[in-house]
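Lettering of chains follows the sequences in order, A, B, ..., and the numbering in each one begins at 1.
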Protein chains: 2
Amino acid sequence: MNVTEYMQTLGQQARQASRAISRAAPGDKVNALLAMASAIDSSRTELAAANQQDLQNGRDKGLEPAMIDRLALTPAGIDTMIESLHQVAGLADPVGEITDMSYRPSGIQVGKMRVPLGVVGIIYESRPNVTIEAASLCLKSGNACILRGGSEAIHSNKALAKCIQQGLEQVGLPKHAVQVVETTDRAAVGELITMQDYVDVIIPRGGKGLIERISRDAKVLVIKHLDGICHVYIDDQADIEKAVKVAFNAKCHRYGTCNTMETLLVHQGIAATVLPQLAEKYQKEKVELRGCEATRQILTDATPATEQDWATEYLAPVLSVKIVEDMNEAIDHITRFSSAHTESIITENHTRAMKFVREVDSSSVMINASTRFADGFEYGLGAEIGISTDKIHARGPVGLEGLTSQKYIVLGDGHIRQ
Amino acid sequence: MNVTEYMQTLGQQARQASRAISRAAPGDKVNALLAMASAIDSSRTELAAANQQDLQNGRDKGLEPAMIDRLALTPAGIDTMIESLHQVAGLADPVGEITDMSYRPSGIQVGKMRVPLGVVGIIYESRPNVTIEAASLCLKSGNACILRGGSEAIHSNKALAKCIQQGLEQVGLPKHAVQVVETTDRAAVGELITMQDYVDVIIPRGGKGLIERISRDAKVLVIKHLDGICHVYIDDQADIEKAVKVAFNAKCHRYGTCNTMETLLVHQGIAATVLPQLAEKYQKEKVELRGCEATRQILTDATPATEQDWATEYLAPVLSVKIVEDMNEAIDHITRFSSAHTESIITENHTRAMKFVREVDSSSVMINASTRFADGFEYGLGAEIGISTDKIHARGPVGLEGLTSQKYIVLGDGHIRQ
């Protein structure tokens, strides 16, 4: 069977399974998730063996230690998977939720019912735990899914898929509701993102290159998670203590996450006060500062920031700093360089805070809070399959709601249109 | 200037204007809409002259009378435009609406704010009143728009655009917030649907061919309005009187609309009772009936329905009728042939009604009500720019909400992530 035929088969199977899974009773989905957790727990030996194969292949191919690290399925990692399956099982079932029912002058009652999207294709890189996260969230939200993990993790993913399908079959749900692509042929991705008849939405998780390539070639809607060039703007009416605390946390809490601040914007009226205090804290953490000219007059150790710096997601202990004339200049800078992920203003001035929130067009906009809060768990979604930087359908952290849509429902009693 | 350059210029202008329009004060938008209405009222002579040109060209090109009809801008039609501008002005402004604010354990407050999509491209056929509907809904929802009407209506649309831009400028809003494509070159559509940098979403309004072509070639998200192959299913536990009333209304209230019933499904247990009563009413309206074999044993006058009939949107006094064994067969038939627009069940049985609503995956699903209710005005949206048969972002009638999205907002008081 060639790759096209193989993927078409997966697609047909997914489409068929999606009908059953969209109608599955909430209790059956919960039981399937718990059965998956049990299956994983009792397959620790097999999972370790499969992961060992991936790790060995990875070392043979000379993968970087960081990659090997992300690939490893430790006993603690397996515990986390089991825990996360229990957590998703415990979330409220979003499917069938009815909202906004109201009577219309004609006498009909109109409202909305939450429904699954159908078939979700998820394309991700090495970490095998994504297989469990993606499968559990898609199942809970009533979607079938086709999972295309990194080729380095193929044996681990196949072993996990076995546990998942075992869990599904145990409660009488179709095993094709969750399918792992078992070929490492890259052409499989090309097929997956163009099977409009069988796939309703693609969620790519991975580097910018992967996501750009998929967005370019896809014929199916893509929920994109692009890079996070996040900004904090310190207004001249900011509380200095809060400003220092938040700007430090936004950069130094973790460097490699997409909600980490990459550029700090500071009002000219407060720069001389706040920047030295912040620089001292950054210095202790060995954060390299790159500043505009005005910044470098205050922080003489900072290296000059180039145009390129404003457009870079460092994912590292590097921060670019720019002094702005006023909030409008800050918003203009953000509009030009932000990746529309997350921005925060630090100010005590109500009018400016609300103007910032209204005018900054990013998936999360914050007042006096660290950008690090942009996260499905912190927002109370219970889980997250990614953070969308798109404007349509789902914006910001995507949880169960982002994996569903709403249809209109109309209740009448023999009503006809006059 | 060639078409590519021309469209790029429109795109850049729209993108720039969209920033101002997204932040415009609600009162300014209301005043702009009212100013547009006044401008149209005082330009009746110019509008009539421009429309006369289109009508003359249409007749010279041998357009069908129905097309000429749709093209005509009568004094009453102009009154309706003015009235609709006043109506949109009176709708609640969706931009900036804050919902779902709640405190999280960390102390931050998380909620959502409704925001415009950015730049909307609308591609439509001959009726010039769409120019006013589209412009007013986009403006009210804070979007800039690029309008590409039918080439037959080019003079009318240009004259209307003048009134629209006059209204915008009168209140100090950028006139490029609404732009009409002034070339009839078909290449302009190809440019519009692929300008990812300048256009956020495309809404095509028109025939199936137009929409399929746009969906195939677009690089920008398309909110599709495909055909309406709507079904009514009469269950064996239906109230006969309601069934006859609704099934008659769903077919005969208007033939040419997308929410008109095209296929009637009838439970075998009630067919012999309900079909003759319905057939008598249809006969008076000269509705041609095409039936399955079982139907033709009851309605001997009906012609045989082919596979093609189940997949056809007649938009005419023709109805296909199928007798099914039970509701599951009805749902299977709908799943296979429906265009996912609107379906209705007629039954007094609560369990079946709720199962039908849950399992039928269409943009509107109804109980004991005519499919003709699937309409933005009937649903209370105040206005409608189309009916989406897509699953993502907007489903069913698309009003101001469908032209917006939501971003997350986070309110803190110096909160940092632990």
Which residue, A/T257, A/T342, A/T260, forms the side-chain hydrogen bond (donor to acceptor under 3.5 Å, both in side chains) with A/R372?
A/T257
Does any heavy atom of chain B fall under 4.5 Å from the side chain of A/N259, the backbone, both, or neither of them?
side chain
Where on A/V410 is there a heavy atom nearer than 4.5 Å to chain B: the side chain, the backbone, both, or neither?
both
Need one label for A/V365: side chain, backbone, both or neither, based on atoms under 4.5 Å from any heavy atom in chain B.
both
Against chain A, label B/D375 side chain, backbone, both or neither, depending on which of its atoms sit under 4.5 Å from a heavy atom there.
side chain
Options A/E348, A/K112, A/K219, A/M366, ranked by heavy-atom pairs under 4.5 Å with chain B, top entry
A/M366
Looking only at A/P397, A/P105, A/S215, most heavy-atom pairs under 4.5 Å shared with chain B are made by A/P397
Please classify the contact between A/I345 and chain B as side chain, backbone, both or neither, with a heavy-atom cut-off of under 4.5 Å.
neither
Candidate list B/V274, B/N249, B/I234, B/D239, test side chain to side chain contact (heavy atoms under 4.5 Å, CB included), partner B/V244, passing option
B/V274
Side chain, backbone, both or neither: which part of A/S106 has a heavy atom under 4.5 Å from chain B?
side chain
Which bit of A/L221 is near chain B, if near means a heavy-atom gap under 4.5 Å: side chain, backbone, both or neither?
side chain
Pair B/R114 + B/D93, salt bridge at N-O below 4.0 Å:
no
Heavy-atom distance under 4.5 Å between the side chains of A/F356 and A/M327, does that happen here?
yes
A/R216 portion near chain B, given a 4.5 angstrom heavy-atom threshold
backbone
Please classify the contact between A/R23 and chain B as side chain, backbone, both or neither, with a heavy-atom cut-off of under 4.5 Å.
both
For A/I223, is it the side chain, the backbone, both, or neither that has a heavy atom closer than 4.5 Å to a heavy atom of chain B?
neither
